[in-house]
Amino acid sequence: WKMWIPILGCTPQNSLQWIAGSHAEDVPYEFTGTQNGKRPTILESWIKANTHRFTGPVTGHDSNAMFFHDGIVHRAVQNTGDLIRVSAEITLIRG
């Protein structure tokens, strides 16, 4: 599970977005090499075909933390506002 916490400057235009129910879909990905090792990357063609499905849970400047399945496809859009955006994302793992 993941928890996303808006702290400062998070608005509906610049914050977390996700595709509801995507954790139950067969989302195509490939592994990409980074300086920290390989990481999964969703195929750009899938992202482009599904961009219209992304929605954001932030509805105003005083939004609460969001708790969601770690398999949900999610992203943070580029911050084009004048204020700095600060948020935290925590992954919870059951041992």
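Interatomic distance, Tyr29 OH to Leu43 CG, rounded to the nearest 0.5 Å: 10.5 Å. Rounding to the nearest 0.5 angstrom, the gap separating the CD1 atom in Ile90 from the NZ atom in Lys2 is 10.5 Å. Distance OG1/Thr32 to CD/Glu30: 5.0 Å, rounded to 0.5 Å. Here the OG-CZ distance, from Ser22 to Phe68, works out to 9.5 Å after rounding to the nearest 0.5 Å.
For the pair Trp18 and Thr55, the minimum side-chain heavy-atom distance is below 4.5 Å. Ile72 is not listed as a side-chain neighbour of Asp70, based on a closest heavy-atom distance of 4.5 Å or more. By the 4.5 Å heavy-atom criterion applied to side chains, Gln78 and Asn14 are not counted as neighbours. Looking only at side-chain heavy atoms (C-beta outward), Gln17 and Val77 come within less than 4.5 Å of each other.
With no hydrogens or angles considered, a side-chain donor-acceptor pair links Ser87 and Trp4 at under 3.5 Å.
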After noting the C-alpha distance and the side-chain angles of Trp46 and Val27, does the key distance pass the side-chain contact (heavy atoms from CB on, under 4.5 Å) rule? CA-CA 8 Å; Trp46 189 91; Val27 178; 3.8 Å; yes

Please step through salt bridge (charged side-chain N to carboxylate O under 4.0 Å, His left out) for the pair Arg53 and Glu25, ending with a clear verdict. CA-CA 13 Å; Arg53 297 176 56 203; Glu25 297 179 26; 2.4 Å; yes

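Results of the side chain to side chain contact (heavy atoms under 4.5 Å, CB included) test with Arg75 over Ile19, Ile42, Ile47, Leu16 single out Ile47 as the only residue that passes.
Side-chain heavy atoms closer than 4.5 Å link hydrophobic residues (I, L, V, M, F, W, Y) into clusters, and following such links, even through other members, never connects Val86 to Leu83. In this structure, Ile5 is a member of the same hydrophobic cluster as Ile84, with clusters built from ILVMFWY side-chain heavy atoms closer than 4.5 Å.
In this structure, Phe67 and Trp1 have parallel ring planes: the angle between them is below the 30° cut-off, well short of the 60° mark.
Other residues, nucleotides and ligands contribute more than 12 heavy atoms inside 6.0 Å of the CG atom of Leu8.
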